[in-house]
Amino acid sequence: TMALFSSQKYEQTSFDACLKDQTDIKLTHFEQSLDAQTAILCQGFDAVCVFVNDVVDKTVIKQLAHNGIKCILLRCAGFNNVDLAAANAHNIKVCRVPAYSPEAVAEHCIALMLTLNRKTHKAYNRIREDNFDLNGLLGFNLFKKTIGVIGCGKIGLALVNILNGFGANVLVCDPYATEGNYTLCDIDTLLTQSDVISLHCPLNESTHHLIDETAFSKMKTGVMLINTSRGALVDSKACISALKSKKLGYLGLDVYEQESELFFKDRRDEIMQDDIFSRLVSFPNVLVTGHQGFFTKEALTEIAQTTINNAIEFANN
Ligand code: NAD
C-alpha cells in the first residue's frame with residue numbers, strides 16, 4: 001500500500017493507466033504535500049510516494065518511521081529534499097526515477113531560450129492588442145553563438161544534441177564528462193565565453209549558489225542564463241543586481257529558490273509581498289515557468305511506470 005502525496009489529477013490518470021494490470025499495489029492519492037503536519041496521513045501504509053516540493057527532512061522521516069513506512073518513492077530525479085542519512089538510520093529505503101524523458105527538460109530549455117531571445121511572449125500579447133509593431137522585439141541567432149552547458153548528464157547531453165542542430169558552439173563544464181560533440185572546459189572559461197549559459201548539474205553543497213556575484217562578474221554583458229535544474233544553484237539576490245546592472249540580459253527560470261514555499265498556496269501572498277521572487281519576475285527580460293520542464297505526456301508515463309516498478313521491487317525484497 002502506497003500513499004501518494006502532492007497528487008495532481010494528471011498524475012492520477014497516468015498512474016491509473018500504468019496500474020491497470022497491477023492488482024498487488026494499492027495506491028491512495030493525497031492532494032496535500034508531505035510535511036510534519038501531514039505525515040500523520042501515512043499511518044497504515046507501507047510506502048510513501050513524494051515529489052520535489054514535499055518535505056522529507058529528519059523530522060518527517062522520524063514520523064514516517066513511527067508510522068511504519070518502509071520505503072520512500074520519489075517521482076523525480078533530484079533527491080535534495082530527502083535526508084538520506086535519516087532515512088538510512090531508520091532503515092527506510094529511498095527510490096527515485098533517475099531518468100524520465102531528459103528530452104522533455106532539454107526541449108523546455110530551448111523553449112525558454114527562444115521565447116526570451118525572440119520575445120515571443122511579448123509578441124503574443126501585442127498581436128492580441130492588434131499591435132504589429134516590431135520595435136523592442138529584436139532577437140539574435142543561436143547559430144554560431146557560444147552556449148555553455150554546466151552539467152552534461154542525461155538532460156545536459158540531450159540539450160547539447162539539440163544545440164548542435166542549431167549550429168551553436170557548445171561548451172561543456174562537467175567534472176565527469178568525457179569527450180563528446182562539444183568543447184570541454186573549466187567553469188571560468190565557460191562563464192567568460194558563453195553568450196547563453198544553461199544549468200544542468202544537481203544541487204548539492206558544492207553547487208549551492210554556483211552562480212553568485214563572482215560568477216556574474218565573469219560573464220559577458222547581456223548574457224542569457226537558463227535554470228531548469230534546481231533553484232538554489234543561483235543566488236537570487238545576485239541575479240537581481242545583475243539584472244539591474246544589465247550584466248544579465250535575459251533570465252529563464254523553471255526553478256527558483258523559494259519554489260517549495262510558493263507551492264504552498266496559503267503562504268504565497270506573504271512571500272510575494274516582500275520577496276526576491278516578486279522582484280525577479282518584475283523584470284521584463286525574465287521568464288519564469290513553474291517547474292514544468294518535465295511536464296510532457298511521455299515523461300508522466302515514464303514517471304508512473306518507473307515508480308510502480310520501484311514499488312514492485314521494494315515489495316519483492
Ligand atoms: P544527471 O545526474 O544525469 O546529470 C548531472 C550531471 O551534472 C552529471 O553529469 C554530473 O557529473 C554533473 N555535475 C555534478 N556536479 C557538477 C558541477 N559542480 N559542475 C558541473 N557539472 C556537475 O542528472 P539529469 O537527469 O541530467 O538532471 C539534472 C538536474 O535537472 C537534476 O539534478 C534535477 O535537479 C533537474 N531536473 C529538473 C527537471 C524539471 O522539470 N525542471 C526535471 C528533471 C530533473
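Computed from a predicted model, the values in this text were never measured in an experiment. When a ligand or atom number is given, it counts from 1 through the structure's own listing order.
Between Phe51 and His291, the ring-plane angle classifies as tilted under the 30° and 60° cut-offs. Using bins of under 30°, 30° to 60° and over 60° for the plane-to-plane angle, the ring pair Tyr10/Phe295 lands in the perpendicular bin.
Of all the atoms in ligand 1, the ones that sit under 4.0 Å from a non-hydrogen atom of His291 are 38 (C), 39 (C), 40 (O), 41 (N). Interface of Asp254 with ligand 1, defined as ligand atoms under 4.0 Å from a residue heavy atom, comprises 39 (C), 40 (O), 41 (N). Within the listing of ligand 1, atoms 20 (C), 21 (N) sit less than 4.0 angstrom from a heavy atom of Cys173. Close approach of ligand 1 to Cys152 (heavy-atom distance below 4.0 Å) involves ligand atoms 9 (O). Annotation for ligand 1: atoms under 4.0 Å from non-hydrogen atoms of Ile150 are 20 (C). Each of the atoms 40 (O) of ligand 1 lies under 4.0 Å from some heavy atom of Gly293. With ligand atoms numbered from 1 in the order given, ligand 1 contributes 3 (O), 4 (O), 6 (C), 9 (O), 26 (O) to contacts under 4.0 Å with heavy atoms of Gly153.
In the hydrophobic clustering of ILVMFWY residues, with side-chain heavy atoms under 4.5 Å counting as a link, Val149 and Leu114 come out together.
Within 6.0 Å of atom NZ in Lys62, 12 or fewer heavy atoms from other residues, nucleotides or ligands are found, so the atom counts as exposed in its surroundings. By the neighbour-count criterion of 12 heavy atoms within 6.0 Å, atom CD1 of Ile127 is densely surrounded, having more than that number from other residues, nucleotides or ligands. Counting heavy-atom neighbours within 6.0 Å of Gln32 CD, excluding the residue itself, gives a total above 12. Heavy atoms of other residues, nucleotides or ligands lying less than 6.0 angstrom from CZ of Arg96 number more than 12. Other residues, nucleotides and ligands contribute more than 12 heavy atoms inside 6.0 Å of the NE2 atom of His121. A 6.0 Å sphere centred on CD of Gln292 holds more than 12 heavy atoms belonging to other residues, nucleotides or ligands. More than 12 heavy atoms of other residues, nucleotides or ligands shown are found within 6.0 angstrom of NZ on Lys247.
The nearest heavy-atom contact from the protein to atom 22 (C) of ligand 1 is Cys201 CB, 3.5 Å. Protein heavy atom closest to atom 35 (C) of ligand 1, with residue, atom name and distance, is Ser229 O, 3.4 Å. Protein heavy atom in closest approach to atom 19 (N) of ligand 1: Pro175 CD, 3.8 Å. Regarding atom 32 (O) of ligand 1, its nearest protein heavy-atom neighbour is Pro202 CA, 3.4 Å. Asp174 OD2, 3.2 Å is the protein heavy atom nearest to atom 12 (C) of ligand 1. Summary of contacts: the protein heavy atom closest to atom 5 (C) of ligand 1 is His200 O, 3.6 Å. Ranking protein heavy atoms by distance to atom 25 (O) of ligand 1, first place goes to Lys154 CE, 3.4 Å. For atom 33 (C) of ligand 1, the closest non-hydrogen atom on the protein side is Arg230 NH1, 3.7 Å.
Atom CD of Gln8 is separated from atom CD of Glu31 by 7.0 Å, given to the nearest 0.5 angstrom.
Here the side chain of Thr1 pairs no donor or acceptor atom with the backbone of Lys26 at under 3.5 angstrom.
Nearest to atom 41 (N) of ligand 1 by heavy-atom distance, out of Leu210, Thr228, Val52, Val97, is Thr228.
For Ile155, a nitrogen or oxygen atom sits less than 3.5 Å from a nitrogen or oxygen atom of ligand 1, counting backbone and side chain alike. For Thr207, no nitrogen or oxygen atom sits less than 3.5 Å from a nitrogen or oxygen atom of ligand 1, counting backbone and side chain alike.
With a 4.0 Å cut-off on non-hydrogen atoms, Tyr100 touches ligand 1 through its side chain and not its backbone.
Look at Pro102 and you'll find every heavy atom at least 4.0 Å from all atoms of ligand 1.
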